[in-house]
Amino acid sequence: MTGHDNSNGSTEKSSSGMDDLPTFNAENMQNNMKVILYSRTFMAIIGGVIAGILGLTSWTGFIFYFLVMAITSVALTAKAKFSIHSYFDSWNSVLLDGFFGGLMSFVLFWTFAYDIVHIF
């Protein structure tokens with residue numbers, strides 16, 4: 001993950017007395033968001049396969065999905081060394097972005113693995 005850019009070229013303080021706001025590199029922010037989406041999609045697929053192999057059905061499978069996504073959020077936060085504002089614009093981008101996006105992949109691989117292991 002890449003952080004924000006503090007090298008703004010000048011070392012002078014503004015005359016208004018307010019602290020300068022940190023500047024973010026848009027390319028780095030987009031890369032960080034891609035990492036989050038890829039990680040969540042990958043974990044949704046792996047979680048779906050595990051849920052199918054374990055034979056989870058009904059609400060237990062969906063609870064398992066939310067548990068996997070919560071663990072993924074904690075892992076991404078730990079990867080950022082719990083300094084979210086250095087890598088992302090808000091907490092919501094780490095905790096919620098892509099949370100429901102991986103649900104379809106989870107259900108697809110959940111039913112696929114369940115069918116292979118328990119039906120065939």
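This structure is a prediction, so every number in the text was calculated from the model and none was measured.
Note: the hydrophobic cluster containing Phe88 does not contain Phe99 (ILVMFWY, side chain heavy atoms under 4.5 Å, direct or indirect links). Follow the hydrophobic side-chain contacts under 4.5 Å out from Phe62 and you reach Ile46 in the same cluster. Note on Leu96: it clusters hydrophobically with Met33, by side-chain heavy-atom contacts below 4.5 Å among ILVMFWY residues. Cluster annotation: Met43 is not connected to Val35 through the hydrophobic network of ILVMFWY side chains, with a link wherever side-chain heavy atoms come within less than 4.5 Å. Transitive grouping of hydrophobic side chains (ILVMFWY, heavy atoms separated by less than 4.5 Å) keeps Phe100 and Met104 in distinct clusters.
Side-chain contact check for Ile84 versus Thr77: some heavy-atom pair is nearer than 4.5 Å. In this structure the side chain of Trp110 never reaches within 4.5 angstrom of the side chain of Phe64, judged on heavy atoms.
At distances below 3.5 Å, at least one donor-acceptor pair connects side-chain atoms of Tyr65 with backbone N or O atoms of Leu103.
Here the closest non-hydrogen pair linking Leu76 and Ser39 is CD2-OG, 4.1 Å. Here the closest non-hydrogen pair linking Gly48 and Ala113 is O-CB, 4.4 Å. Nearest heavy-atom pair across Arg40 and Ser73 is NH2-OG, 2.7 Å.
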(request) Quick one: do Tyr114 and Leu54 satisfy side-chain contact (heavy atoms from CB on, under 4.5 Å)? Show the steps, please. (result) CA-CA 8 Å; Tyr114 185 86; Leu54 291 176; over 6 Å; no
(request) Run the numbers on Tyr87 and Lys79 for side-chain contact (heavy atoms from CB on, under 4.5 Å), then give the verdict. (result) CA-CA 10 Å; Tyr87 300 99; Lys79 173 84 172 154; over 6 Å; no
(message) side-chain contact (heavy atoms from CB on, under 4.5 Å) for Asn92 and Asp97? Distances and angles first, verdict last.
(response) CA-CA 7 Å; Asn92 290 339; Asp97 280 355; 5.7 Å; no
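With rounding to the nearest 0.5 angstrom, the CG atom of Leu67 is 12.0 Å from the OG1 atom of Thr60. Separation of atoms OG (Ser86) and CG (Asn32) is listed at 10.5 Å; rounding is to 0.5 Å.
Taking a 6.0 Å sphere around CZ of Phe112, one finds it holds 12 or fewer heavy atoms contributed by other residues, nucleotides or ligands.
Think of Ile45 as one node in a network of Ile, Leu, Val, Met, Phe, Trp and Tyr side chains linked at under 4.5 Å; its network also takes in Val49, Ile53, Leu108, Phe109, Val117.
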